[in-house]
Structure formats: C-alpha cells, structure tokens
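Below is one structure; the comments refer to it alone.
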Amino acid sequence: MGKNRMRLVITFLLFTSVVMILAACGNEEESAENYPNREIEMVIPWDPGGGSDIEGRVVVDHAEEALGESMVVVNIPGVGGTIGAEELLEKEANGYHLGQIHEGHLVAHHTGVTDVNYDDFVPIASMSSSDQILTVSSELGIDSFEEFVEYGKENQINFGGTVSGIPRVWVEQIGRTLDINYNLVGYEGLGEAIQALAGGHVDAVIADYPSAVEFVEAGHMKFLAIGTEERSDTLPDVPTFVEAGYDITMGINRGYVAPAGTDMQIIEHLSEKLGEVATSDAFIEEITALGASVNFMDHDKYATYLEEQNAIIEDTISEINAEE
C-alpha cells in the first residue's frame, strides 16, 4: 500500500472515530440517566403579565433549583394559546422542551380552532389552580353582584375574553344562569381583555386575582363575585355565586406537559421534582400571595384529570353549538 493511500486510510479511521465519539457524547447528553444537563425551555403560550405567565414563572423559578439546571421561559401567544402549543409539538421530544397548558386548550380543540388536544402531549404535573372572579369596569357604576344582575336584565353586558378558550364557556354559563343580556368580545388572552376592561372598552371580564388586582386597587375595576364554593381568604369581602343562589363555579388548573414521545423516565423525574416544589413552603407562599392555590397532581393523576375535563368540555361545547 502506498504512503498516500495509507495516509488516507489513517485519516478516514481517525475521522470515523471522532464522529463515533461525538455521537456517543450526544447520545449520553440526551439520555434519561443524565437528564437534565443543560438549559430547559418552558413554553408559556400566553402574553407576559397574565395569570398563566405569572404563575408559570413562579413554577420555573422553583423548578430550576429542584432540577439543578437553568430554565428559560418563552412566551408564544396567539389564538387562545394554540400557537404556542402547536409550536411545542414541533420541538424534539427530549425533555428540554416543555410547556404549560390549561382547560382553555381543550376548549380551543373542541371549538375547531386547532387539531391539537391534550393527548398530543405527555402530562407531567398540575401545579396551581386559580379561582376566577367576575370583574367589572368601574365606569358601569355597579357596586354589587345584585346590581350587576339587575343591570344585565335591562342592558347588554359586553364581556371581554378569548372566544376560542375557556372564557367562552364561562360567559355562556354566567349569561344563561343569570338570565342576562350578554355578548363576548374577543381578545387574545386575559392580559388583553384586562387592558380593554381598564380602558372601558368592555363591561366585564372573568379574571383571576393576579391579573386584575393592581387594576382593582387603582380603581379601574371591581371584583363582584368569585367562582368558588366558599369565600376566598384572599378576598373575604367578595361573595360567591353559590351563596347568591347560582350554581356557578369557575377555576383553571395550570399544568405542564412535554411533546408526545418524551422518555417516560424523564417524565417521571420531572413529575417527582415538581412534586417536591409543590410541597415547599417558599413555593406555597408565593402561589398563595398571587391569590391562587397549589393544586399538585402527578403524571398519572393529571392525565386522568385532563381526560375527564376533555369529556366535560366536549359535551358543553356540543350543547352550546346545538342551541346557537
């Protein structure tokens, strides 16, 4: 064999060895046994500043410490949270691309806004629950829930909310149960709807505490009724729909998922670590201060919850469509 040919063979063998070593390192990097060993991306499919974003960032802050790796929040708003969900599905299912969902995504699916549904993902855990509050513009001059009902029987109340999301279900529930005149004006996410309410462009919004409290304290809007069975410790002066004689409860469970195909060993690890976060005093204190509550469900329980909610929402949307 000539010297030049020998050099080519040696060069080829060295190149092949390097490629194999790099490939092995890559496989090791992505293996469940070494997870995580680099930054994790968390997609929050809503605008910054809303309840989902605020609570999600608290989860991420504490999850970083529990996992021992940095996490970065990426806000991808659009079409009731569906754009972010669809983009998450295009990411590699390797544990480094996670996302937040809630019941609104199920509504978007069953209203035909997106083909994506909860079962396109692998549930990791539910972390927090936000009670929903009937919030009205101060410009209406209404100071109580009773006045709101009376006003709605004589005037049309324009609600602001995501037409393709869970607000549609809540507005229909409130409007029909209270037997008032109502209309839903579409906005992209709760943040936009709150801004519209603060500007007097709509009359009412179904909001959570962290999204609206600053505007309430500034005098732009008022909390009139809360969708809990009993009064909230955070808002003890705000009555419930139930105590006023109406069978209305409203809440959102914010959970976390990964693209389908993600290694179950990684899912179980994430679920376990988020469970540790959910029991920490610091996390509980921060979530409670937001007017929300810790509502941890591990992988199995969260998967069951989503399946049950999907059936309920599918039936509700079918009833709404049948009556329209």
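Between the side chains of Asn37 and Tyr96, at least one donor N or O sits under 3.5 Å from an acceptor N or O. There is a side-chain donor-acceptor pair under 3.5 Å between Thr114 and Glu86. No side-chain donor from either of Asn158 and His201 sits under 3.5 Å from a side-chain acceptor of the other. Between the side chains of Asn321 and Glu319, not a single donor N or O lies within less than 3.5 Å of an accepting N or O. In this model, no donor atom of one side chain and acceptor atom of the other lie less than 3.5 Å apart for Glu214 and His220. In the model, Glu103 has a side-chain atom that pairs as donor or acceptor with a side-chain atom of Tyr305 under 3.5 Å. No donor-acceptor contact under 3.5 angstrom links the side chains of Glu64 and Ser70, judged on distance only. Judged by distance alone, the side chains of Asn117 and Asn310 do bring a donor and an acceptor atom under 3.5 Å apart. For the residue pair Ser211 / Asp208, a side-chain donor-acceptor distance below 3.5 Å is found, with atom types taken as modelled. With no hydrogens or angles considered, a side-chain donor-acceptor pair links Ser52 and Arg254 at under 3.5 Å. Side-chain contact, Gln265 with Tyr35: no donor N or O sits under 3.5 Å from an acceptor N or O. No donor-acceptor contact under 3.5 angstrom links the side chains of Asn181 and Asn155, judged on distance only. Between Glu55 and Ser130, the side chains place a donor N or O and an acceptor N or O closer than 3.5 Å (distance only, hydrogens not considered).
Crowding of Lys301 atom NZ: a count of heavy atoms from other residues, nucleotides or ligands under 6.0 Å not exceeding 12. Counting non-hydrogen atoms of neighbouring residues, nucleotides and ligands closer than 6.0 angstrom, the CD atom of Glu65 reaches no more than 12 such neighbours.
Both Ile76 and Val79 belong to a single network of hydrophobic side chains, linked directly or stepwise wherever heavy atoms of I, L, V, M, F, W or Y lie under 4.5 Å apart. Hydrophobic clustering of Ile, Leu, Val, Met, Phe, Trp and Tyr side chains at less than 4.5 Å, counting indirect connections, unites Ile101 with Val74. Ile312 and Leu106 fall into different hydrophobic clusters, defined by Ile, Leu, Val, Met, Phe, Trp and Tyr side-chain heavy atoms under 4.5 Å apart, directly or through other members. In the hydrophobic cluster analysis, where Ile, Leu, Val, Met, Phe, Trp and Tyr join through side-chain heavy atoms closer than 4.5 angstrom, Val257 is grouped apart from Val72. Val242 and Ile174 fall into different hydrophobic clusters, where Ile, Leu, Val, Met, Phe, Trp and Tyr side chains are chained together by heavy-atom contacts under 4.5 Å.
Among all heavy-atom pairs drawn from Leu274 and Phe296, the shortest one is C-CE1, 3.8 Å. Scanning both residues, Gly95 and Ile40, for their nearest heavy atoms gives O-CG2, 4.0 Å. Closest approach of Pro259 to Leu88, counting heavy atoms only: CG-O, 3.5 Å. For Pro77 against Ile83, the heavy-atom pair with the smallest separation is O-CB, 4.0 Å. Between Ser232 and Thr228, the closest heavy-atom pair is N-OG1, 4.5 Å. Between Gly161 and Ala193, the shortest heavy-atom distance links the atoms N-CB, 4.1 Å.
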Practice item. Apply side-chain contact (heavy atoms from CB on, under 4.5 Å) to Asn183 and Phe159, showing your working. Key: CA-CA 6 Å; Asn183 178 51; Phe159 286 84; over 6 Å; no
Check your understanding: Going through the distances and angles, do Asn75 and Asp47 end up as a side chain to side chain donor-acceptor pair (under 3.5 Å)?
Key -> CA-CA 6 Å; Asn75 292 93; Asp47 285 311; over 6 Å; no
Practice item. Could you go through the side chain to side chain donor-acceptor pair (under 3.5 Å) check for Glu286 and His62 one step at a time? Key: CA-CA 10 Å; Glu286 278 195 65; His62 288 270; 2.7 Å; yes
Exercise for review: Evaluate side chain to side chain donor-acceptor pair (under 3.5 Å) for Gln309 paired with Tyr118, printing each intermediate quantity in order.
Suggested key: CA-CA 10 Å; Gln309 288 300 304; Tyr118 79 99; over 6 Å; no
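Residues Arg168 and Leu184 form a side-chain contact, since some pair of their non-hydrogen atoms from C-beta on lies under 4.5 Å apart. Between Glu314 and His109 there is no side-chain heavy-atom pair separated by less than 4.5 Å. Annotation: side chain of Glu229 is not in contact with side chain of Thr240 (no heavy-atom distance under 4.5 Å). Contact annotation: the side chain of Ser128 never approaches that of Asn295 to less than 4.5 Å [non-hydrogen atoms, C-beta and beyond]. Contact check for Thr262 versus Phe121: no side-chain heavy atoms found under the 4.5 Å cut-off. The shortest distance between side-chain heavy atoms of Pro36 and Leu67 falls below 4.5 Å.
For the pair Ser271 (side chain) and Ile267 (backbone), a donor-acceptor distance under 3.5 Å is absent. Remark: the backbone N or O of Asp179 is paired with a side-chain donor or acceptor of Lys153 at under 3.5 angstrom. Judged by distance alone, the side chain of Glu147 and the main-chain N or O of Asp143 form a donor-acceptor pair under 3.5 Å.
Using a 4.0 Å cut-off between a side-chain N of Lys or Arg and a carboxylate O of Asp or Glu, Asp53 and Arg57 qualify as a salt bridge.
Residues in residues 228-251 take part in these ring-ring contact (aromatic ring centres under 6.0 Å, His included) pairs, two or more places apart or across chains: Phe145-Phe241, Phe145-Tyr246.
In this structure, Val216 shares a hydrophobic cluster with Ile133, Val185, Tyr187, Leu190, Ile194, Leu197, Val202, Val205, Tyr209, Val213, Phe215, Met221, Phe223, Ile226, Leu235, Val238, the cluster being traced through Ile, Leu, Val, Met, Phe, Trp and Tyr side chains under 4.5 angstrom apart.
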